[in-house]
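One structure below.
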Amino acid sequence: MTAFVFAHGAGGHRDDPGMRALSKLLADLGIEVVRFNFPYREAGSKRPDPMPVLKASMRKEIERVRGGPLLIGGRSMGGRVATMLAAEGLACDGLLLFAYPLHPAGQPEKLRDAHLPQIEVPVLCFNGTRDALCRRDLMERALVQVKAPWTMHWLEGADHSFHVLKRSGRTNAQVLDEIGEAVSRWALVHD
């Protein structure tokens with residue numbers, strides 16, 4: 001069974017509603033989901049640890065579950081940590097990214113893409129078209145330099161939390177269904 005080490009976002013934690021919903025969806029697809037809290041969350045803080053601490057914490061979880069097919073990734077900041085580990089050469093079979101934070105909200109000039117070309121494993125990345133931390137044109141430009149098989153899946157009308165406006169005619173449940181279908185297709189191709 002494929003294991004997925006799933007890291008939370010900066011404002012979240014291992015059991016927040018978004019993490020639980022995505023974990024259930026992935027578990028229903030036959031993926032063993034391993035969630036964990038970064039040290040700052042375990043300590044009761046809301047201020048993220050420095051990147052070296054985040055990477056060391058995720059690496060520790062990865063080593064704890066290593067043994068079969070392995071995906072790594074996460075929501076927002078957690079996905080960014082996973083991409084940095086993969087870019088540094090950490091062995092894994094692929095990355096699953098949910099709401100990759102390409103830039104801080106309102107600061108599209110501060111791109112977090114310099115390491116992306118070093119990734120060599122397949123990537124499936126989901127971002128909403130209304131995500132304030134990932135402008136579509138900037139992500140598409142950043143991916144021109146990436147040689148790894150990177151599948152970008154845009155969730156129409158979704159924000160950084162994958163929520164859609166009621167007036168869009170879509171529901172949050174439909175967005176989750178779309179994610180599940182895309183993961184199933186991607187997993188078949190990269191198995």
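One is the number of the first residue; the rest follow in order along the sequence. Note that the coordinates shown come from a computational prediction; the quantities given were computed from them, not determined experimentally.
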Identify the heavy atoms of [X] and [Y] that sit nearest to each other, and give their distance.
X	Y	result
Met1	Ile31	SD-C, 4.4 Å
Ala87	Gln118	O-CB, 3.6 Å
Val164	Asn172	N-OD1, 2.9 Å
Leu29	Gly180	CD1-O, 3.7 Å
Ala10	Arg41	O-NH2, 4.3 Å
Gly73	Phe4	N-CE1, 3.4 Å

Could you grab the distance from atom [atom1] of [X] to atom [atom2] of [Y], nearest 0.5 Å is fine?
X	Y	atom1	atom2	value
Leu97	Ile119	CG	CD1	7.0 Å
Met152	Cys134	CE	SG	5.0 Å
Arg112	Gln107	CZ	CD	8.5 Å
Trp150	Thr83	CH2	OG1	6.5 Å
Ile179	Glu181	CD1	CD	10.5 Å
Ser184	Asp28	OG	CG	10.0 Å

Taking side chain as C-beta onward, heavy atoms only, is [X] less than 4.5 Å from [Y]?
X	Y	value
Phe36	Met58	yes
Phe162	Glu178	no
Asn127	Tyr100	yes
Leu95	Ile72	yes
Phe6	Leu96	no
Ile62	Leu85	yes
Val53	Phe38	no
Trp186	Pro149	no

Show which side-chain atoms of residues 138-146 pair as donor or acceptor with protein atoms under 3.5 Å away, not counting sequence neighbours.
unit_1: Glu140; atom_1: OE2; unit_2: Arg136; atom_2: NE; d: 3.0

Please check: side-chain N/O of [X] versus main-chain N/O of [Y], any donor-acceptor pairing under 3.5 Å?
X	Y	value
His8	Met19	no
Asp93	Leu71	no
Arg130	His163	yes
Asp16	His13	yes
Arg35	Asp15	no
Tyr40	Leu54	no
Arg170	Glu156	yes

I'd like to know if Glu63 pairs up with Arg66 as an ion pair, taking the criterion as any Lys NZ or Arg NE/NH1/NH2 lying under 4.0 Å from an Asp or Glu carboxylate oxygen.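 Result for this pair is yes, salt bridge flagged.
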Between Glu61 and Arg14, does any side-chain N to carboxylate O distance fall below 4.0 Å? no
Run the side chain to side chain contact (heavy atoms under 4.5 Å, CB included) check on Leu25 and Asp177 step by step: do they pass? CA-CA 8 Å; Leu25 180 144; Asp177 288 345; 5.8 Å; no
Could you check Val34, Thr2, Val65 and say which one makes a side chain to side chain contact (heavy atoms under 4.5 Å, CB included) with Leu70? Val65
Any link between Leu165 and Leu133 through a network of hydrophobic side chains (Ile, Leu, Val, Met, Phe, Trp, Tyr) touching at under 4.5 Å?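 They do not share one cluster, since no chain of ILVMFWY contacts under 4.5 Å joins Leu165 to Leu133.
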If you draw a 6.0 Å radius around CD in Glu120, do more than 12 non-hydrogen atoms from other residues or ligands fall strictly inside? no
